[in-house]
Amino acid sequence: MGGVPSTPRWGSAAEMRPAETAEYLIGALVGEKSYPLASDYWQKLLESPLHLRWPSHRVLQASQLFAQNNCKTRHLAKILVHLAWCLQECVSASGVPSAALVRALNALYISSVFLKYFIENAKSDHFEELHLSLDENEAKPTSFSKDQTIEQLVMHSVLSFLGKVDVSTNTYLLHHELLNFMLIAMSTQLLSGPSPGPDDSHPFIDAMMVQESSLVSLVVSKLLLNYIRRPNFPIDSSSYSIFSEVNQTGVLQRVGSAAANFVLLPFNLFVGSSGEATRSPLAENSLNVLLILIHYRKCIETDYVKDRGDHSSEPLPKEDACFSENPYCKALENAQDIEFDRLDVEGNVQNGPLVRLPFASLFDTLGLYLADERSILLLYSMVQGNSAFLEYVLVRTDLDTLLMPMLETLYNASRRTSNQIYMVLIILLILSQDSSFNASIHKLMLPNVPWYQERLLHQTSLGSLMVIILIRTVKYNLSKLRDVYLHTNCLATLANMAPHVHRLSAYASQRLVSLFDMLARKYNKLAEMSNNKMHMPNGESREEDNLPEDTTAELHIYTDFLRIVLEILNAILTYTLPRNPEVVYAIMHRQEVFQPFRNHPRFNELLENIFTVLDFFNSRMDAQKMDGEWSVEKVLQVIVINCRSWRGEGMKMFTQLRFTYEQESHPEEFFIPYVWQLVLSCSSFSFNPNSINLFPVDLPLEDSFVGEDGQKLQSGGLNGLEQQVDVLV
C-alpha cells in the first residue's frame, strides 16, 4: 500500500524490535479490523513505546486511512474511552502510577493526531465522521453511565485530572498534553461562523459545559493557579521515557503535518541550552484554555427557531438568539480572594462551590505579563466580570503595577494590535469609573518613565502620565485611524478623571489644551468643507484631504468631542482649580485658541467658565507691578498665590459627566474569534487555514494598529459605552 501502514505482519510481538511493534500496533489501529473495547490489543498499544519515525506524509496517509475505516471500527471512540479510563486510574490512585501515566500519554498522543485531522477535514456540520459511539453489536461496559456520551466521559476524565491532580515532576507533561488535547477538542469552533447559531455543533466543548459545578470550579481554579505559579518543566527529564532519546524524536511525539501540527512540543521549547527552564508552556496553555472556556457561548433553540423550521437557511437574527449559561464564566465572575472567608459583604454565606484565588498573586502576575495580549484579555475579563477582583484592584496602593505596562502598550500603539489597544482602553475606562481610583493615581509619584522618549518625565504623578498617554493616543488615532470609538473611550476616561485631578503636571496640562486646539482645527476644517458643499451647484461634492464625502456626520462627531474636552476643562476648573495651577497657566498661555468659539452657539456656555477664570487671573496679572519681562516662573508664582484666594465666584455649575462601560448583550461575535486569533498567533497550536470560518483567514492574525480596523470591537463592547449624567448635589 505504498507509504500507508500496511496490514500488520502477525507474529509474536516479543520477537519484534520496538519500532516494529509500534508499526504493527499503529497499522492495526488505522486498519479495517475492528478491535473490541475489551480486547487486549488496546493494552498492548498503550503500553508500547511509540518511537516511530514516520515522515509527515506518511502520518497524513495514516490519518486518511484511519478516517476511511473509523466508521466501521469506531477506533477513535474506543481510544478516547481508554484515555478516559487511564485518567480515571491516575485520579483515583494515591500517587499517579507510572504505568497509567505512560498509557494516558500514549492515548493522548494518538487520539490528538487523529482527532485534529478529523476536525480540520470535517465534511459534516455535526462531525458525524467522528463516530463518537460504540457499535450497536458491542456490549457497553458496565462503567458507562446510562445517558453519558463518550465525549462527556472523556472530557469529565480530562477535567477531573486537571482539577484534582497537582502539577508535579511526574505529572507536568500529562497536564501539558491534556491542555493541548483540549485545544484540539475545542477547535471545532474554528469551523463555525462568527455568530453562534443553534445548529452549531461542538461536541467536546459542549460536554465540558454540562459538568458539575464543583468540577468546573476546580478546573477554573487550577488553570488560574497554573497561570499564577507558572510551573517550569522539570529539568530532570529522565523520568520521561519519551525523552530518553531526544535526538530520535518519534513521529507521534512531534508531528509537523496537516494531520497534527503538534502533539508534543520539542524539548528545547521547555528547556534552554543552559539546561534552565526559560518559559512556562503550562501557564500559557492554561491561559489559552481558560480564555476559550469563559468566552464560549452556546446558542440554544427557542420557540422562534422551532417556528422557522429546522431547514431554514436564513441566519438567526441577533435579537432572537438565546444563550445557555456558561458555568466557567460564572465561576470566574464569582471567584473570591483566598484571604477572606466565605462570607460576602452582607455576611451571607455563598451558595455552591467557590473559586478561591490569591488575588495578590494574580495582581502581581498580571502586572508582569501584560505585554502578552492574552493577559490583557484576562485582566479585562476579571475587572469587567468579577466585582470582588475589581474592588481589590481599586484598593491597591501600587496601581502602577498594572497601569504602567498598559500605558506603555498605548505609547507603542503603532506596534500593537488594534484589539489590544481597545482592551487596554476599556480597562482604563472601567477603573476610571471609581472616584477613589481617580484620586489615588495622582498621589502616586513616578521617579521616571524610561520608555517615554519625547521628553524626560521626572517625578510625574501616575495620573499625569495617564492624561499624557490618553491624549497622545487620541492624537495618534486622529492622524492614522480616525476611529470614533477609540476617541470616545479616551475622552470618556479623561472626563471621569477630570473632577479628581490633583496637581496635574505642566506637560500634561499643556497636552490637554493642545488637544482642544487640535480638535478645534479639525472641526474648523470640517465646518469649512460642509459650508463649501452646501454652496456647490447641483449638490456636487469634492474630495479633499481624504475626508469622507458626507462631512456632516463627522462634523457632528467632532462637535461632541470638542464639547467633551470643554467639559473636562470645566470639571477641573470648577472642582479642583486651587490644586491645579499648571492647568490655569496652560489655559492662559494658549487662551487665543478658545476665542473663536466664545460666541459659537454649540460651545459658548461651556466657554463661560474658562473666560471667567481667564478674566480673574488676567486681572491679577495686570495688577502686578513688574520690573522687567514676565518669565514662566513669575507668571506661575502669581497664579499659585491667587489660586489660594480663588472662590469660584461667577462660575456656572454643570452636571458632571460620568461615563460607564457595559458589555453588549451579545459580545460573543467579537470575543470568540478574538480568543482563537490569540491562541493561534501566540502559541504552538496551529490549524489548517483553509478550514477556518470563524474569522477571515486572508487577514494577518496580528494586524498592526493601522488602517481601518476600528469596527472590530463594535460587537464586543465599544458600543456598550454609556454616558451617565449625574446631578451633583
Side-chain angles (χ1 to χ4, degrees), residues 407 411 441-472 474-475 494 497-521 565-566 568-598 607-651:
L407 294 177
Y411 180 80
I441 57 176
H442 288 283
K443 299 175 183 176
L444 202 160
M445 300 303 295
L446 305 170
N448 56 72
V449 185
W451 43 262
Y452 195 89
Q453 300 296 315
E454 281 77 357
R455 63 184 296 162
L456 294 176
L457 297 178
H458 289 303
Q459 293 302 317
T460 300
S461 71
L462 184 58
S464 292
L465 179 63
M466 190 165 163
V467 170
I468 292 167
I469 297 299
L470 287 172
I471 292 172
R472 188 178 187 274
V474 171
K475 290 188 173 184
L494 288 169
M497 295 170 60
H500 310 280
V501 167
H502 183 84
R503 296 198 175 279
L504 197 66
S505 70
Y507 184 54
S509 302
Q510 295 164 17
R511 296 291 85 199
L512 190 56
V513 175
S514 71
L515 173 62
F516 176 85
D517 182 39
M518 180 189 64
L519 293 175
R521 285 186 275 111
V565 175
L566 288 174
I568 292 169
L569 291 171
N570 264 280
I572 296 174
L573 297 177
T574 302
Y575 301 107
T576 64
L577 184 147
R579 300 192 299 273
N580 289 286
E582 293 287 1
V583 176
V584 176
Y585 178 89
I587 292 174
M588 292 182 68
H589 183 66
R590 299 290 306 280
Q591 55 188 287
E592 73 281 355
V593 303
F594 302 101
Q595 194 64 43
F597 297 91
R598 187 167 191 172
L607 282 162
E608 288 179 10
N609 284 345
I610 293 176
F611 282 102
T612 297
V613 171
L614 285 171
D615 291 342
F616 176 86
F617 284 95
N618 282 333
S619 65
R620 299 305 188 274
M621 294 287 295
D622 294 339
Q624 293 289 323
K625 294 181 180 180
M626 284 294 301
D627 296 328
E629 296 182 357
W630 285 97
S631 65
V632 174
E633 291 76 14
K634 291 178 180 178
V635 173
L636 194 58
Q637 182 181 10
V638 173
I639 292 173
V640 171
I641 292 172
N642 286 280
C643 276
R644 298 168 187 163
S645 60
W646 170 259
R647 296 294 179 267
E649 297 172 358
M651 295 289 282

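All heavy atoms count here, side chains included; hydrogens, waters and symmetry mates do not.
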Does S464 use its side chain to pair, donor to acceptor, with the backbone of S505 at less than 3.5 Å?
yes
Can you list the residues that meet the side chain to side chain donor-acceptor pair (under 3.5 Å) rule with K475, with sequence neighbours excluded?
S514
Do T576 and N580 meet the criterion of a side-chain donor-acceptor pair at a distance under 3.5 Å?
yes
Heavy atoms, side chains only, cut-off 4.5 Å: are I471 and L512 in contact?
yes
Less than 4.5 Å apart, side chain to side chain, heavy atoms only: is that true for S645 and F616?
yes
Is it true that a side-chain atom of T574 and a backbone atom of A571 form a donor plus acceptor pair closer than 3.5 Å?
no
Does the separation of the ring centres of F594 and F611 fall below 6.0 angstrom?
no
Taking atom CD1 of I610 and atom CD of Q595, what is their separation to the nearest 0.5 Å?
11.5 Å
Distance in Å, N570 CG paired with Y575 OH, rounded so as to fall on 0.5 Å steps
9.0 Å
Checking side-chain contact (heavy atoms from CB on, under 4.5 Å) for the pair R511/V467: CA distance, chi angles, key distance, verdict?
CA-CA 8 Å; R511 296 291 85 199; V467 170; 5.8 Å; no
How about E592 and R590: do any of their side-chain heavy atoms sit closer than 4.5 Å?
yes
Does any part of the side chain of N609, heavy atoms only, come nearer than 4.5 Å to the side chain of L573, both counted from C-beta?
no
From CZ (F617) to CD (Q591), nearest 0.5 Å
12.5 Å
Close side-chain approach of M445 to T460, heavy-atom, < 4.5 Å
no
Exercise answer: donor-acceptor pairs, residues 636-644 side-chain atoms, under 3.5 Å, sequence neighbours excluded:
from : atom 1 : to   : atom 2 : distance (Å)
N642 : ND2    : V638 : O      : 2.8

Closest contact, heavy atoms only, I572 versus A498
CG1-O, 3.6 Å
Do you know the tightest heavy-atom contact between L566 and F516?
CD2-CE1, 3.5 Å
Any side-chain heavy-atom pair of M651 and W646 under 4.5 Å:
yes
Starting from the C-alpha separation in whole Å, work towards a yes-or-no answer on side-chain contact (heavy atoms from CB on, under 4.5 Å) for R521 and V593.
CA-CA 9 Å; R521 285 186 275 111; V593 303; over 6 Å; no
Minimum heavy-atom separation for L407 to I469, with atom names?
O-CG2, 3.7 Å
Tightest non-hydrogen contact, residues M621 and V635, listed as CE-CG2, 3.7 Å
Do you know which two heavy atoms are closest between S461 and H442, and how far apart they sit?
CB-O, 3.6 Å
Mind checking what makes salt bridge (charged side-chain N to carboxylate O under 4.0 Å, His left out) contact with E649, not counting sequence neighbours?
none
Restricting to non-hydrogen atoms, name the atom on M497 and the atom on L470 that form the minimum distance, rounded to 0.1 Å.
SD-CD1, 4.2 Å
Quick check against the 3.5 Å criterion: does E633 have a side-chain atom that pairs as donor or acceptor with the backbone of W630?
no
Output for pair (I468 CD1, Y411 OH), nearest 0.5 Å, gives 11.0 Å
Check ion pair R472-E454 (N to O, under 4.0 angstrom)
yes
Residues, nucleotides or ligands: over 12 heavy atoms within 6.0 Å of R620 CZ:
yes
Take V584 and L577, measure what side-chain contact (heavy atoms from CB on, under 4.5 Å) needs, and give me the verdict at the end.
CA-CA 8 Å; V584 176; L577 184 147; 3.9 Å; yes
Interatomic distance, CZ@R579 vs NE2@H500, rounded to 0.5 Å, equals 10.0 Å
Less than 4.5 Å apart, any side-chain heavy atom of M518 and any of V474?
yes
Are Q459 and N448 close enough that a side-chain donor and a side-chain acceptor fall under 3.5 Å?
no
Under 3.5 Å donor-acceptor, Y507 side chain and L456 backbone:
no
